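Read the structure below first, then the notes.
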Amino acid sequence: MAVSRTHPVLIAGKYLALLGYLSFALFPLYWLLKIALTPDQLVYSEGTSLWPSSVTLSNFSEVLFQTDFLSYFGNSLTVSLGTAALTTLIAAGAGYAFSRFHFAGKRLLIVVMLVTQMFPLLMIIAPIYKIISSLGMLNSLTSLIVVYTAFNIPFATFLMQSFFDGIPKDLEEAAMMDGCSRFQALRKVVFPLTLPGLGATLGFVFTAAWSELLFALMLISKNDAMTFPVGLLTFVSKFSVDWGQMMAAGVLALVPSCLFFIFIQRYLVQGLTSGAVKG
Amino acid sequence: MGRFADRRILEMESKPVSLSLAAKRLPGTSRTGHSLYWRYMVEPFLYLSPAILLIVSVLLMPLIIGISYSFQAIELLRPFNTGWVGFENFAKLWSDRKFWLALDNTFWWTFWSISFQFLLGLGLALLLNTQFYGKKLFQALVFLPWAVPTFLSALTWAWLFNPVIGPLPHWLTALGILSEPYNIMGDPDLALWGPIVANVWFGVPFFAITLLAALQSIPGELFEAAEIDGASAWQIFSKITLPFLAPMIAITVMLRTIWIANFADLIYVMTGGGPANSTQIVSSYIFTTAFRKLDFGYASAIAVALLGILLVYAVIVLWIRKKLVKI
């Protein structure tokens, strides 16, 4: 558009707006990091000043070595990676079926998948608790993985479908002409082409599973099975004035999300909207 | 979870096209020559069965069980006091002042969250649709809040509003909005704004991404033609950009509304519904009733009521959408 030819005041306004958005997005994260780095004895005297007069890593070392956060971190990593892997595998199958087959009940299945995403998930928190407790699976990471996988399958299926739709059908048809079975064609021709799609789906599901809180609170009560969000909330309610340590733990919770975010960055626009703009 | 809800629905928007395409080009006939029955009834379900199994057992069955709970008394703290009670839970709900308060809060929570998310998201999308130095890095940084885990967004904003370690109360006092630096989340009149601000922070990237993609799908020739004809920036925006975005905006806003109305995490972490239920929304009320009071029957009754309200809303939305698409 014609921004380069417009009035200098407008250009200045534009850069001011950019700066505004940037500070709004980053300031809370900066503050988190700032308090995490501020030494304990300075928190009350300079808690609200923009820069700490000295920084320390002691909050981080205390969180890592004197609390249970490493174990929470490990549990969350197990749950999120397990969910991401399982979901991606199952969703790849379902997405492939949606993309390549025309079959009885397809429309119905799509509608059911959409509906499961529209009703309040909290609605099933009580039945899920009852079912899992009657199976004797409370406080188990496996039950969390199964529940999270089911929550994420519909979204991941549609995402995978959009990636399969982007791979020309002719490729596998050619392979099948040459004598491959459909499954062989899938494994040898389609699978290598859809690796970026699998990676993006893994990333999206990981991010979602990493931040889930309410079902984890309900299903996990034992300290050694707590995921990071549950552990952090328990810590916050127990040691509500240990600001430095709480925020250091928060920064740690941010690390995996940020890594995966960098990883799925270039799929964000495509991943969140590809189906929306084609129609 | 559920940060992608809208996209799934938006996918649906494009479904008729892809379906008709799929119908024209039937799945490839392999040399082995399976029967039609195999291709239409069996093979697809080999790929689909794990997904169907999980969705039915973890989502649909509990949903039905949950609806049946709403007609029962199930309190884990009183295990002998269980059984079918008909509409007793709903009668209790009707006269529950907290429920109506939560409904009112849900409305304002959703309205303010979505308004600010949309306006700021639109602004950001328009900015990102222009050229400037360092755009890639800028885009990565402003989208970052989307990736921050919800519980952490909630805690971070709760800390920012805390006068001991957060700057916001002091800034608000300096601006004359507060009389003295206190925590607004302890003030029943203002408390809901805490979670709303956190929600706006978290949700702007989503709107920006969605709207940016829609913006980029507007044919560039339209802008060129308008420029040649001497249209002003405002004319281009109001006569080309907005009309093109309108259906997309309508659908995204309407679907996002449902998602935000259901979104209890921020409120639960930041205020727990307090003080004096002034920030309790319906979905956080469901969670508190189930998690704190372990009253599953009543929690399910609230959930069924919420589901009913959302259904009515969805029907209205679908009706409006039909009108929109016709134009």
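No experiment lies behind these values; they were computed from the predicted model shown. Lettering follows sequence order; numbering is per chain, from 1.
With a threshold of 4.5 angstrom between heavy atoms, B/Ile52 approaches chain A through side-chain atoms but not through N, CA, C or O. For B/Leu76, the part lying under 4.5 angstrom from a heavy atom of chain A is the side chain only. Residue contact with chain A, scored on non-hydrogen atoms closer than 4.5 Å, involves the backbone and the side chain of B/Leu63 alike. When heavy atoms are compared at a cutoff of 4.5 Å, B/Phe291 approaches chain A by way of both its backbone and its side chain. Heavy-atom distances place both the backbone and the side chain of B/Val304 under 4.5 Å from chain A. For B/Leu141, the parts lying near chain A are the backbone and the side chain together; criterion is any non-hydrogen pair under 4.5 Å. Contacts between B/Leu59 and chain A at a heavy-atom distance below 4.5 Å involve backbone atoms as well as side-chain atoms. Both the backbone and the side chain of B/Leu144 come within contact range of chain A, judged by heavy atoms closer than 4.5 Å. When heavy atoms are compared at a cutoff of 4.5 Å, A/Tyr15 approaches chain B solely by way of its side chain, counted from C-beta outward. When heavy atoms are compared at a cutoff of 4.5 Å, B/Pro163 approaches chain A solely by way of its backbone atoms N, CA, C and O. Contacts of A/Leu109 with chain B are made by side-chain atoms alone, with heavy-atom separations under 4.5 Å and no backbone atom involved. Of the atoms belonging to A/Leu254, heavy atoms from both backbone and side chain fall under 4.5 Å from chain B. Both the backbone and the side chain of A/Leu22 come within less than 4.5 Å of a heavy atom in chain B. For A/Ile264, the part lying under 4.5 angstrom from a heavy atom of chain B is the side chain only. Contacts between B/Ala299 and chain A at a heavy-atom distance below 4.5 Å are absent for every atom of the residue. In this structure, chain A has heavy atoms under 4.5 Å from both the backbone and the side chain of B/Leu124. With a threshold of 4.5 angstrom between heavy atoms, A/Leu214 approaches chain B through its backbone and through its side chain. For a residue to count as touching a neighbouring chain, one of its non-hydrogen atoms must lie under 4.5 Å from one of that chain's; by this rule B/Leu60 touches chain A with the side chain only. Proximity to chain B (any heavy atom under 4.5 Å) is shown, for A/Phe24, by both the backbone and the side chain. The parts of A/Leu18 that come within reach of chain B are both its backbone and its side chain, each placing non-hydrogen atoms under 4.5 angstrom from that chain. If you measure heavy-atom distances from A/Leu186 to chain B, the contacts under 4.5 Å come from the side chain alone. In this structure, no portion of B/Leu168 lies under 4.5 Å from any heavy atom of chain A. Only the side chain of B/Tyr69 comes within contact range of chain A, with heavy atoms under 4.5 Å apart. Only the side chain of A/Val112 comes within less than 4.5 Å of a heavy atom of chain B; its backbone N, CA, C and O stay farther away.
Of the possible donor and acceptor atoms, none in the side chain of A/Glu212 sits under 3.5 Å from a partner among the backbone N and O of A/Ala208. Formation of a donor-acceptor pair under 3.5 Å by the A/Trp31 side chain with backbone atoms of B/Ile165 is found in this model. Remark: the backbone N or O of B/Ala125 is not paired with any side-chain donor or acceptor of B/Asn129 at under 3.5 angstrom.
You'll find the ring centres of A/Phe164 and A/Phe98 outside the 6.0 Å limit. Between B/Phe296 and A/Tyr129, the ring center distance clears the sub-6.0 Å criterion. The six-membered or imidazole ring of A/Phe151 lies near that of A/Phe215, with a centre-to-centre distance under 6.0 Å. Proximity of the aromatic rings of B/Phe45 and A/Phe103 is defined here by a centroid distance below 6.0 angstrom, and this criterion is met.
Considering only heavy-atom pairs separated by less than 4.5 Å from chain B, the leading option among A/Gly250, A/Ala249, A/Gly20, A/Gly95 is A/Gly250. Among B/Ala314, B/Ser57, B/Pro169, B/Gly123, the residue with the largest count of heavy-atom pairs under 4.5 Å with chain A is B/Gly123. Residue with the most contacts toward chain B among A/Ile124, A/Thr116, A/Thr87: A/Ile124 (heavy-atom pairs, distance under 4.5 Å). Of the listed residues B/Val269, B/Leu160, B/Ile286, B/Leu294, the one with more heavy-atom pairs under 4.5 angstrom with chain A than any other is B/Leu160. Top candidate by heavy-atom pairs under 4.5 Å with chain A, chosen from B/Val282, B/Val142, B/Leu53, is B/Val142. Contacts with chain A were tallied for B/Leu306, B/Ile65, B/Leu152, B/Thr156; B/Leu152 has the most, counting heavy-atom pairs under 4.5 Å. Of the listed residues (A/Ile128, A/Ile125, A/Ile262, A/Ile131), the one with the most heavy-atom contacts under 4.5 Å to chain B is A/Ile128.
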Step by step, work out the side chain to side chain contact (heavy atoms under 4.5 Å, CB included) result for B/Ile236 and B/Glu227. CA-CA 8 Å; B/Ile236 292 180; B/Glu227 254 178 63; 4.3 Å; yes

Please test B/Asn262 against B/Ser283 for side-chain hydrogen bond (donor to acceptor under 3.5 Å, both in side chains), starting from the C-alpha separation and ending with a verdict. CA-CA 6 Å; B/Asn262 286 336; B/Ser283 60; 5.6 Å; no

Please determine whether side chain to side chain contact (heavy atoms under 4.5 Å, CB included) holds for the pair A/Gln184 and A/Met176, giving the CA-CA distance in whole Å, both sets of side-chain angles, and the decisive distance to 0.1 Å. CA-CA 8 Å; A/Gln184 279 173 320; A/Met176 286 194 277; over 6 Å; no

CA sep, side-chain torsions, deciding dist, call: A/Phe261, B/Phe143, side chain to side chain contact (heavy atoms under 4.5 Å, CB included): CA-CA 9 Å; A/Phe261 176 70; B/Phe143 286 169; 3.8 Å; yes

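Ring planes of B/Phe263 and B/Trp259: parallel class, angle under 30° (limits at 30 and 60°). A/Trp210 and A/Phe228 have parallel rings, their planes meeting at less than 30° on a 0 to 90° scale where 60° marks the start of perpendicular.
Heavy atoms of other residues, nucleotides or ligands lying less than 6.0 angstrom from CZ of B/Phe132 number more than 12.
Summarising the geometry, atom CD belonging to B/Glu43 is positioned 11.0 Å from atom CZ belonging to A/Phe183; distances are rounded to the nearest 0.5 Å.
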